[in-house]
Every structure is written in C-alpha cells, then in structure tokens.
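Let me give you the structure first, and then I'll get to my questions.
All chains are named by letter (A, B, ...) in the order of the sequence lines, taking the proteins before the strands, and each is independently numbered beginning at 1.
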2 protein chains.
Amino acid sequence: MAKQYERIADQLRQRIRAGELEPGQRLPAETALAKEYKTSLPTMRDALGLLLSEGLIDKKHGVGNFVRKPRKLVRRDNARHQWEKDRARAAETERQATGATERDTGLTISDLSFHATYSEVPADEDLAAHFGVPVGTRLVERVYRTNHREEASPFNIVRSYLVHDVVAANPDLLDPSKEPWPGGTQNQLHTIGIELDRIVERVTARPPTVEETEELGLQGGVAVVVLRKTSIDTSGRVVEVSDVTMPGDRTELIFTTTLDRW
Amino acid sequence: MAKQYERIADQLRQRIRAGELEPGQRLPAETALAKEYKTSLPTMRDALGLLLSEGLIDKKHGVGNFVRKPRKLVRRDNARHQWEKDRARAAETERQATGATERDTGLTISDLSFHATYSEVPADEDLAAHFGVPVGTRLVERVYRTNHREEASPFNIVRSYLVHDVVAANPDLLDPSKEPWPGGTQNQLHTIGIELDRIVERVTARPPTVEETEELGLQGGVAVVVLRKTSIDTSGRVVEVSDVTMPGDRTELIFTTTLDRW
DNA sequence: GAGTGGTCTAGACCACTGT
DNA sequence: CAGTGGTCTAGACCACTCC
C-alpha cells in the first residue's frame, strides 16, 4: 500500500523519463494535475515536491512547473595547478590570454564575467589554525564571483585568504582594481618570491544555506559542494587558503593521482 | 512581511544555535509546537521541513523530532592510492593487517563490516567507452558495502568493474569467497601482472534516488557524492572503473596535488 | 494503549508573471 | 486581468514506536 503522493510522483517520473514530457516543457497546472489524478491540491503538491527534491522539475512561481533540462557541467581539474604554476613566470602577454577557469571550462575570457571584492579581516580560529598564525592576525579576504555571461547566477563563489603582512610586500596585491590578475594567484605569489610546492584540496557537500540558495540560484534538493584549497610553499608554509562554493548539480571535479613506478 | 513558516523556522533555528535545544535532544511534539507558535499543524510541519532540509533536525516517525548531532566525517584521501600500491607487493601477513579504508577512517578492521557481491554483466555504453572495449564485453561487477559495525547504514557503496577476460587469468579474482582480499584491488591486479600508473577520480554531487535514500539512511536535503575512479596501468590501458556512492553529509575527500619545482 | 509523526482533504486567500 | 504557484487553515484518520 504505497502512499498516494509517491504513486503520483512515480507516474509523473515515468512520463518524464519516457520523454512524454520533454525537458523544458511546462507541466499542466497543479490544479489540473490534481483533477487528473483524482486527488487534492496539497497532495499533488507533495508529489511535485518529491520531483523537485530529486531535481527532475523546476518550479517558477506564477508561471508553472517545468521538466528540468540537464545541466551543463562546469569542470575543475587538479591539473590546473601545475598548468598555472608553469605560467606563473611567463610573460604578461601570455598570461593574459587565458586563465585557469577558462582552461577548465573550455570557455573564452569573453564568455565569463568576473567580480572581485577585497577586504581586510582578522583571522578566526579556523583560518588561524590553517595558516599557523595567532587568532586575529590581519588577513586579506578576496571574494570572487564568476558567471557565464549569459546566465543569471554565478557558477562559483570563491573566498580566498592571504596573510596581509606577507603579501603587502607588493602593494599591487592589495589593489582590487588590478583584477582580474593575469596568471592568477600563483603569479601574484611569484611577485613576492613565493613558489608553491603542493596544493591540498578538501571536498565536502552539504545542504545550502538560504543565502547560497539565492546567490547560486539553486532549486530543489541540490546541495553545494565546498572545496577548501590550501596552498603550501616550498618551505612548507601555508600561503593561501581559499574556499570555493559550487552548485552540486553543475560541478564536476577531476583529480588525477600519479603513482610512483615499481 | 516574511512568511509565517519561515519566521517560525528562524526562531527554532536560533533556539538550536543558542544551545537552548541541544544536539540529540527531542523537540516538543509538533502539535505542542503548533500551539506554542499559534499556528496550524501543517504550517508548523512546513517550518520543520525547512530545518530538515537544512540538516538541522532528524525526524523519527512515532518518536519525535531531534536536534541533529554533528556527523562524524568519513575521510578518503588520495594518498591511499600510493599507499596501496606500495603494499601491493608486500607479504600477505602485512597486507592483512590493514586495508585502505581502515587507513582513511582511522578505524580497525574489527570496527568495520564488509559485504561483497560478484556478478557478471555486459558492458553498457558508458563503461565500454571508459574501458575502450566493445559494448557488451563481459565485465565482472563487484559491489561492496562497508559499515561501521555499530551503525545501521553503510557509509559507502562501491561498484567496481573489471574486464572479465583480463582478470580470468587468476581464477581467484572471480571468487567472492576470497573477500575481503588482503591488499585490495591493486594487489589483485598485481597477481596478474598489472601495475598502475595513475588514478583519475571524478567527483560529482546530486540528489539521492529513493533507493539511495534508503540504503544509505539519508535524511533531509542531504545529497550523495559520487566518485568515479578510473585506474590506468603502465601501458595506458584502463583496467578498473569503480563508482563510489557516499552520503554527502558524512564524507570528506582530500586530494593533494604535488607540483614540479622551478 | 498512549503518544508521536505521516498522509490526506476541501477550500480560502495571497503573490507572482505575462499579456 | 487571467492564470499560475505559494501559503495557510481545521480537522480526520493512519502508521509507527515504546511502554
């Protein structure tokens, strides 16, 4: 004896999978569906809520429910780090041509729009522990939002932290008007004599906060993927920590691990 | 003019964060809460539904709503691959001592329970493309479920694929009664003369299917994290593909990328 | 059996979107 | 303004858990 709203959801799911309802197509109005399935409106809405949480439909207030189109994935590949390192010492003209994000996504610079904000913040406990500095140490916080130029919501939000007194050696690094910086963070660090030895990335997923739901334009049961990147220089010191927040339904992370030979 | 169920959710959220309601503690009954907040039961249930989707509470039918305890994370580190490779040629007694999962989780073999199923399946389009073999090629599918011995639901489900005719060189590899195999897949491959060169891991997150919700014991807005691991041998051939499905709220993936020196 | 959350109804009214 | 989804009510009955 299955629950009614599950049975209805099953039937709708099947109609979607069978292609009877095509991606992007509007579903009948909820009142019409309730009549069609001989149930009450709230129950029909429960059934649609299930499909929403499974990412099968989008709801648009005042417009209708739509079969969700498969998302274009944004890829991020850990080979980007070596690639960026190789370019960190290249001439500016070469660095300007392409950034790591364009490399990952296969898009050109003109497809992307990019917004950066700089501010100064004291290290909280978490960041202090990562950097190995006292709580309250002055950090530079840089927030980046990257969009496809033709899409409303950003496909990631990056919060990058540097120790203020370390990067102050080059005042340009404190100047947001220099963004986007050709060659990225590794080139910025190169200007103050820092070479990276390795990058540690920690990936987790969690339900979005209400702010993230709005900022990233999320719907339904979609989670956010959070990547914390820690950059370590050749002396073993942590020189950058950054948190990348991405919509779980549009993100694909690739990591290649090369093994020593026998 | 905020919606009522959001205002109620806000207040409950605050009571939880303030510690007035402690992790693990039962909330008042829904009918009692509805009375307390002077609203109807369905509206109160909408508010609780919000908290559920944010992962703040757990619902237990017939028992009550509880403030969710912070989850113990299961870690998976890409250093496990080199570690496993180093042990692939070790003596059996050493291999038996610990496996890669124990290494990742910090648990001992006796904390973990382990279930394996083998079967033979024809390659679908996706797998055929990965292995570079014709669709329909015989594959060995091995399904693993790993539990904390004291917890109901597994913390991951692994589907691992090998090309049947390649691994048949050692009949033991087709015999599920040999599980758990000391030393893992890399040792298994070593017995048929295969050495791995690199491992590519692709990470995505998506809403769980209904089956996954049950199998992994998920609640609320929790997503599943799916990791597709592709193992490539020293001749550049794909020798294993495996899909690891993990609950997003209990999983932490660590990837370290080492960079070449200037 | 008592108490809890789960499902469902029938209907009212509000808020958003497009024409 | 017409049509859509969003919020909310008051109450009935079912299903699960625990004592």
Separation of D/dT4 P from A/Met44 CE (nearest whole Å):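 A/Met44 atom CE is separated from D/dT4 atom P by 14 Å.
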
Gap between atoms CZ and C1', on A/Arg26 and D/dG5 respectively (whole Å):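 My rounded result for the distance is 10 Å.
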
Spacing of CH2 belonging to B/Trp181 relative to CG belonging to B/Asp175, to within rounding of 0.5 Å: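 If we round to the nearest 0.5 Å, B/Trp181:CH2 and B/Asp175:CG are 8.5 Å apart.
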
Enclosure of A/Gln14 CD (heavy-atom neighbours >12, cutoff 6.0 Å):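 For A/Gln14, atom CD is not crowded (no more than 12 foreign heavy atoms under 6.0 Å).
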
Atom-to-atom span, NZ of A/Lys38 to C1' of C/dC8 - whole angstrom: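 Going from A/Lys38 (NZ) to C/dC8 (C1'), I get 17 Å.
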
A/Phe66 CZ - C/dT17 P separation (whole Å):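 Distance, rounded to whole Å: 12 Å.
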
Short side-chain N/O contact to D/dG6 OP1/OP2 from A/Arg45, under 4.0 Å: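 The answer is yes; a side-chain N or O of A/Arg45 sits under 4.0 Å from OP1 or OP2.
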
Any B/Asn65 side-chain N or O less than 4.0 Å from OP1/OP2 of C/dG5: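 Checking C/dG5 against B/Asn65, a side-chain N or O does come within under 4.0 Å of OP1 or OP2.
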
From CA spacing to verdict: salt bridge (charged side-chain N to carboxylate O under 4.0 Å, His left out), B/Glu212, B/Arg206: CA-CA 11 Å; B/Glu212 289 166 343; B/Arg206 57 170 172 70; 2.9 Å; yes

Touch class at under 4.0 angstrom, heavy-atom based, for A/Asp46 against every strand present: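 Contact class for A/Asp46: none.
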
Nucleic acid contacts - residues 53-62 of chain A versus DNA chain C, non-hydrogen atoms under 4.0 Å: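 Under 4.0 Å from DNA chain C: A/His61, A/Gly62.
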
Pair A/Arg76 + A/Asp104: basic N to acidic O under 4.0 Å: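 No, this pair does not count.
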
Whole angstrom value for the distance that separates C1' of C/dG3 from CD of B/Glu30: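 That distance rounds to 12 Å.
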
Selection residues 121-130 of chain A - residue pairs positive for salt bridge (Lys or Arg N to Asp or Glu O under 4.0 Å), sequence neighbours left out: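 The answer is A/Asp126-A/Arg228.
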
Ion pair check, B/Lys229 and B/Glu201, cut-off under 4.0 Å: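 Between B/Glu201 and B/Lys229 there is no salt bridge, as every charged N stays at least 4.0 Å from the carboxylate O atoms.
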
Distance in angstrom units between A/Lys3 NZ and D/dA15 C1', rounded: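 Taking atom C1' of D/dA15 as the reference, NZ of A/Lys3 is at 10 Å.
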
N/O (side chain, B/Thr43) to phosphate O (OP1/OP2, D/dT9) under 4.0 Å: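 Affirmative; the distance criterion is met.
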
B/Tyr5 side-chain N/O to D/dC8 phosphate OP1/OP2 under 4.0 Å: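 Answer is no, no contact under 4.0 Å.
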
Residue closer to the 5' end of DNA chain C, B/Ala29 versus B/Pro42 (nearest nucleotide):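 Looking at DNA chain C, the more 5' nearest nucleotide goes with B/Ala29.
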
Rounded interatomic separation in angstrom, taking CZ from B/Arg7 and P from D/dT7: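 Between P of D/dT7 and CZ of B/Arg7: 13 Å.
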
Carboxylate-amine/guanidinium proximity below 4.0 Å for A/Glu22 and A/Lys69: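 Looking at A/Glu22 and A/Lys69, the cut-off is not met.
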
Separation of D/dT7 C1' from B/Leu50 CG (nearest whole Å):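 Interatomic distance, CG of B/Leu50 to C1' of D/dT7: 13 Å.
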
Contact under 4.0 Å: B/Thr39 side-chain N or O vs D/dT9 OP1/OP2: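 So the side chain of B/Thr39 is within the cut-off, an N or O lying under 4.0 Å from OP1 or OP2 of D/dT9.
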
Short side-chain N/O contact from B/Gln4 to OP1 or OP2 of D/dT7, under 4.0 Å: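 False: B/Gln4 side-chain N/O out of range (4.0 Å or more) of D/dT7 OP1/OP2.
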
Nearest-nucleotide 5' precedence on DNA chain C, A/Ser40 against B/Val63: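 It is B/Val63, whose closest nucleotide lies nearer the 5' terminus.
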
